Amino acid sequence: MEAISSFSGKNKNVRTRFAPSPTGLFHIGSARTALFNYLFAKKEEGSFILRIEDTDKERSNSIFENDIIENLKWLGILWDEGPVYNEEKINGKNFIGDYGPYRQSERTEIYKKYLEKLLEEKKAYYCFCTPEELEAKRQYQISIGNPYHYDGKCAGLSEKEILDNLKQGKKYVIRLKVPAKKIEINDLIRGKVEFNTELLGDIIIAKDLNAPLFNFSGAIDDFEMKITHVIRGEDHLSNTPKQIIIQEALGFYRPYYAHLPLILGPDKSKLSKRHGAVSVSEYKKDGYLKEALINMIALLGWNPGNEKEIYSLKELIKDFSIEKINKSGAIFNIKKLDYLNGFYIRQKSINEITELCLPYLIEARLIIPIIKEQERILSFKNSFEKEIIQEKFLTESEKEISLEEIKKIISLYQERLKKLSEVVELTDFFFKKEIKYEKDLLKWKTMTEKDLLYVLDKLEEILSKIEEKDFNKDNLKEILDLESEKTGKELNMIGDRGHLLWPLRVALTGKEASAGPFEIAEILGKDETIKRIRAAKNLILDK
RNA sequence: GGCCCUAUCGUCUAGCGGUUAAGGACACCACCCUUUCAAGGUGAAAACACGGGUUCAAAUCCCGUUGGGGCCA
């Protein structure tokens, strides 16, 4: 039996790969496959490789390749080697992630060499059977209750027949002779899995000499790239015996295999577009942090064996082990992602979270940066403290607002955010000239319109008396607490500050949920606060 | 249809024959805090698919059934 090495010590020879086809946006399931390959390689201090499997020219698109690359980098899943496309980077500083990916479309010569070798050694042969012919045979076999596989007709073609057919330009495929045998795989996750090759028939390995099929090019590349561990989704388990047959025909070593359970949608089928957002870029745009995404997908199908739930990429590398990967599929639970995202958002410093939120506010046109080069504000990084702190913005209501003030606003909402994108709807009232709401929203519990007008009058009166320089949350709290005792008695709502604070909050925000009114009033300032209280009165009086 | 994989609370999972009247997390519910919403705190409810074995003892091992999934066609 093949020894299942647990690789418990460091093994720097470990080489893993992530081999996506660029036929769609970078998928959350692919991200997890990439992550696990990365974690295992890093854990062993080995290498992790990115290989773009773009042999299917019809379906491959560089847009998708870019999406994969961009998001891998964003997540911090960086590969260790690859072609360097930019000369300058060879002489200059060359760091991980600067490498391009390996592309199968650039390696057809390599596959061709092996294809010719197999043909020469008579381990593979040209097959000229037409699709109609094959379909007819298939139907017949099924009708008599047999499982269908190719009957090997073209394996017996003479040298002359082959040449004649080729000369005539007949369409062909290349088939590999498949010996009838049992293939046993010792999957690192699933244990022993057996396949019978008799059910396969002679498999197609290429459409022509320049067009190898996925199973063939993959097997070649895993060998050429000295991959030791093939970690991939369970959907590839059925492909494994085919690849092993190819390896055996070519005399290659066999890598270790580990087939990950699939990530499922709520209906338990493989997670796909019809379940909603599945691409990493969509989650990123929606305001999920990479920390949350990494933490989430790592814990889908893997767990450390203790009760730790919060994991950084670094900690994952430290604790990761293939043995702890589960066997059954896991449903992707967006609520848990939300929880993790909220958690990581709360961990951020105010500068970090402001930097993260700013693009959303700008995109919603709530604020516009007042600087010559607008690009700078979107890409600021290190100079945050020194430079950006001076930056000014123009609000939607065309008032100037400093970054310092925006920071204050965001810090009020930091612990309320589940996703960065929510910052827009939560804080829009700070930036808008006019806020719209139903007047009934102003009423607290059993208050009448008369009570409400009385309270709003009182608020205006009291707040007007406070000097501009004393218009801060602590003072406001002290003064309004005192006032609410009086008005509470008058309105028969003793001890219930809501009769004063609820209308105030709604007048300032137009929302039924928000941060505290004292903090909000301080940021809005005395003039704006009083203006909004008056607007509330007018709303009630239908003016 | 054939082959293969899989099965613990609604969800993610711990459990690797006896310290388990099955533990944690998310979600849900209640309470506390509180002007609202969050956050935080406390607590509740919630699962070993089924049937056979093996064993003194099974969620844990074996077989089957059923369910779910994947691949191929």
Side-chain angles (χ1 to χ4, degrees), chain A residues 134-135 137-139 141-143 145-150 183 185 187 189-201 203-204 215 232-242 259-271 295-311 323-343 345-346 412-418 422 426 441 444-445 447 455 477 480-481 484 488 493 495-506 508-509 511-518 520:
Chain A
L134 294 172
E135 182 57 23
K137 283 183 192 169
R138 197 177 74 86
Q139 292 297 345
Q141 288 298 326
I142 288 170
S143 72
N146 283 349
Y148 171 75
H149 61 75
Y150 181 62
I183 290 191
I185 302 164
D187 191 279
I189 293 168
R190 273 147 230 288
K192 194 201 287 179
V193 182
E194 268 190 356
F195 293 91
N196 192 341
T197 63
E198 266 181 294
L199 272 5
L200 255 32
I203 56 171
I204 302 175
N215 282 321
R232 58 188 357 179
E234 194 193 348
D235 44 348
H236 288 290
L237 187 53
S238 316
N239 288 322
T240 310
K242 296 182 191 171
H259 286 93
L260 265 18
L262 262 17
I263 295 181
L264 314 176
D267 66 352
K268 293 195 167 193
S269 67
K270 188 159 78 164
L271 187 68
N295 199 151
M296 178 70 189
I297 59 180
L299 257 35
L300 273 183
W302 175 85
N303 77 86
N306 56 41
E307 285 176 355
K308 189 170 159 70
E309 306 267 352
I310 298 293
Y311 263 100
E323 292 80 20
K324 287 261 165 211
I325 296 173
N326 284 76
K327 291 179 190 175
S328 58
I331 295 172
F332 188 77
N333 183 196
I334 195 87
K335 286 268 179 72
K336 186 142 189 180
L337 213 214
D338 284 342
Y339 162 79
L340 286 169
N341 206 48
F343 174 84
I345 284 175
R346 276 175 258 130
L412 284 188
Y413 283 89
Q414 182 170 7
E415 70 177 22
R416 280 160 240 252
L417 289 175
K418 284 229 178 331
E422 289 170 351
L426 254 24
L441 195 57
W444 174 247
K445 291 181 182 170
M447 281 171 93
V455 164
K477 181 176 184 321
L480 291 178
D481 274 352
S484 79
M493 286 184 161
D496 181 0
R497 295 192 298 163
H499 69 276
L500 199 65
L501 299 181
W502 174 272
L504 175 60
R505 207 191 56 254
V506 173
L508 297 183
T509 67
K511 297 179 197 296
E512 51 186 316
S514 77
F518 309 124
I520 291 171

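The figures that follow rest on heavy atoms only: side chains count, while hydrogens, waters and symmetry mates do not. Only a predicted model underlies this, so the values are computations on that prediction, with no experimental measurement involved. Chain letters run A, B, ... following the sequence lines, proteins first and then strands; every chain starts at 1.
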Margin query: One character per nucleotide, please: for nucleotides 35-51 of chain B, 5' to 3', B when the base has a protein heavy atom closer than 4.0 Å, S when only the sugar-phosphate does, - otherwise.
Written below: BBBBSS-----------

Item checked: Nucleotide-resolved protein contact map, nucleotides 2-15 of chain B, B/S/- at heavy-atom distance under 4.0 Å -> -SSBSS---SBSSS

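The partner of A14(B), taking Watson-Crick or G-U wobble pairs whose two distances both stay under 3.5 Å, does not exist in any strand shown. The nucleotide C71(B) finds its pairing partner in G2(B), both defining distances of the Watson-Crick or G-U wobble pair being shorter than 3.5 Å. A7(B) is paired with U66(B) under the Watson-Crick or G-U wobble criterion, all donor-acceptor distances under 3.5 Å.
Every residue was checked against the side chain to side chain donor-acceptor pair (under 3.5 Å) condition with N326(A), not counting sequence neighbours, and none meets it. Applying the salt bridge (Lys or Arg N to Asp or Glu O under 4.0 Å) rule to R416(A) yields no partners; only residues at least two apart in sequence or on another chain are considered. With sequence neighbours left out, L264(A) forms a side-chain contact (heavy atoms from CB on, under 4.5 Å) with L262(A), K268(A), I331(A). Applying the side-chain contact (heavy atoms from CB on, under 4.5 Å) test to E415(A) and every residue at least two apart in sequence or in another chain returns R346(A). Residues satisfying the side-chain contact (heavy atoms from CB on, under 4.5 Å) criterion with I325(A), sequence neighbours excluded, are F36(A), I189(A), L260(A), P261(A), W302(A), F320(A), I322(A). For D338(A), there are no salt bridge (Lys or Arg N to Asp or Glu O under 4.0 Å) partners, not counting sequence neighbours. Not counting sequence neighbours, the partners of Q139(A) by the side-chain contact (heavy atoms from CB on, under 4.5 Å) test are E135(A).
Under the 4.5 Å side-chain criterion, counting only non-hydrogen atoms from C-beta, R190(A) is in contact with E234(A).
Taking atom NZ of K308(A) as the reference point, atom C1' of C26(B) lies 17 Å away to the nearest angstrom. Distance D267(A) CG to G67(B) C1': 15 Å, rounded to the nearest Å. One can place CG of D481(A) at 12 Å from P of U34(B), the figure rounded to the nearest angstrom. Per the geometry, OH belonging to Y311(A) stands 18 Å off P belonging to G24(B), to the nearest Å.
Rounded to a whole angstrom, the distance from the C1' atom of C3(B) to that of A49(B) is 24 Å.
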